[in-house]
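Here the structure comes first, spelled out in structure tokens, and everything after it is commentary.
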Amino acid sequence: MGKEIPFSEKKLEEIKSEYPTPFHLYDEKAIKENAKRFLNAFSWNEGFKEYFAVKATPNPFILKILKDMGFGADCSSLTELILAEEVGITGEEIMFTSNNTPAEEYEKARDLGAIINLDDISHIPFLAEHGGIPELISFRYNPGNQRAGGFIMGNPAEVKYGLTKKQIFEGLKEVRDRGVKRFGLHTFIASNQLDPQYFIDTAEMMFELAVEVKERLDINLEFVNIGGGIGVPYKPEQEAVDLEVVGQGIKSKYDEIVKENNLDPLAIYMECGRMITGPYGYLVSEVIHKKDIYKKHVGLDGSMNDLMRPGMYDAYHHITVLGKENEPKTETYDVTGSLCESIDRFAVDRDLPKIDIGDTIVIHDTGAHGHAMGFNYNGKLRGGELLLRENGEVMQIRRPETVEDYFRTLDFNKLKDFE
Ligand SMILES: *Cc1c(COP(=O)(O)O)cnc(C)c1O
């Protein structure tokens, strides 16, 4: 089993000759095809909307592609709101799902007319003071340790997000008393999950909650947002979530619960990030050194600054050595960057073909939480982002950082009088 790259060796060498490595390269065609599959799987639900989680790939060109496909934006910070605004995503095309939210972020979200998804009951008066309470309010539900649909949902009781079930009812009542006319509920309890049943169970839990809200408060919810969390098959032996199975599974729960209780129409919202762009981005880097000590190390011109996941989570990212796809994997390498940190490794004990200095290394599935999680520790500069257009052209959608960028927040002139 393997994982293939969607560009030829010749094409990638051409791109490399124009743009310096390391860079993340995104495949526009594949992003669009996947987005279409996603929307198709839920086309049965009239109000369905996917709010792309901006944090996964906060690049305006990626957001524009997704906006044109009909996606909204899921934002959780001031700068994510501004990014959405720059791309022309405003109003209820934005779901503002934040937590521990600073006042200025609520104010900006209100300016943009975003759907506000409150993470705590105490944020009702806080929002009233900072931006004001809109006509439509959503709350983030944290189901705690309860089982949903016979499936154990990790352990939401341990995390900081959302309201308890009791608070959901108190909160809805309180905002109704404050004049709110439209209501939604949200939850987000999965992460990088590859089992389709998880999402069907989450939807079921939210549909049942909608029924309870109707019974106890006589409120008809406008939407339930079942969050993101659809996983990426990072390992070659893993399989992508079958979106059709998820869509149809949720549809049958919808018919059984929502329709049966006369709550139709109820819009389903999602806010996936990872699976929307993750598999369609590649970190391209070049081998600059090799060293053989107790282990064999291959050193790239990219570092953990460009892709934090392997170091931070021990996450697996598949590696293709360009032009050596069909060579036997006779060597075992650690593939490293140049940070003074032992965890600065893209792969540990990875079986790969024999690698030479100058080889091009393609690291798979970096389209989400790749460049986005980049950082400047050790004074390392982040690489750029490129977009492979549908017509085969390549566009730089973010230039690499420069030394000037890095020093921008410092004023060396102040050093003159500093003793
Ligand atoms: C991160 C996040 C998402 C997206 O999660 P994925 O795993 O990328 O699908 C959605 N909603 C919220 C509130 C998030 O914090």
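We count ligands from 1, going down the list as the structure has it; atoms in each ligand are counted the same way.
- Distance alone, capped at 3.5 Å, is enough to place a donor-acceptor pair between the E325 side chain and the G323 backbone.
- For K295 and D349, the salt-bridge test passes: some basic side-chain N is under 4.0 Å from an acidic carboxylate O.
- Of all protein heavy atoms, the one closest to atom 8 (O) of ligand 1 is R274 N, 2.7 Å.
- Considering only non-hydrogen protein atoms, atom 10 (C) of ligand 1 sits nearest to E271 O, 3.0 Å.
- Nearest to atom 15 (O) of ligand 1 among the protein's heavy atoms is K55 NZ, 2.7 Å.
- The contact set between ligand 1 and C272, taken as ligand atoms under 4.0 Å from a residue heavy atom, comprises 9 (O).
- Interface atoms of ligand 1 facing R140, defined by a heavy-atom separation under 4.0 Å, are 13 (C).
- Contact annotation for H369 and ligand 1: only side-chain heavy atoms (C-beta onward) come within less than 4.0 Å of the ligand.
- Judged by distance alone, with hydrogens and angles left aside, the side-chain atoms of S98 form no donor-acceptor pair with the main-chain N or O of T101 at under 3.5 Å.
- No side-chain heavy atom of Y269 sits under 4.5 Å from any side-chain heavy atom of I226.
- A donor-acceptor contact closer than 3.5 angstrom links the side chains of S338 and K380.
- The pair E85-K108 counts as a salt bridge, with a side-chain nitrogen and a carboxylate oxygen less than 4.0 angstrom apart.
- Atoms of ligand 1 lying under 4.0 Å from any heavy atom of G228, numbered from 1 in the order shown and given with element: 9 (O).
- Atom CD1 of residue I276 and atom OH of residue Y51 lie 14.0 Å apart, to the nearest 0.5 angstrom.
- Heavy-atom separations between G229 and ligand 1 include at least one value shorter than 4.0 Å.
- Salt bridge present: K32 and E390 bring a charged side-chain N and a carboxylate O closer than 4.0 Å.
- The distance from ligand 1 to the heavy atoms of D74 drops below 4.0 Å at these ligand atoms: 10 (C), 11 (N), 12 (C).
- By the criterion of a heavy-atom distance under 4.0 Å, neither the backbone nor the side chain of A56 is placed next to ligand 1.
- Closest to atom 5 (O) of ligand 1 among all protein heavy atoms lies F188 CZ, 3.3 Å.
- Distances shorter than 4.0 angstrom do not occur between any heavy atom of G227 and any atom of ligand 1.
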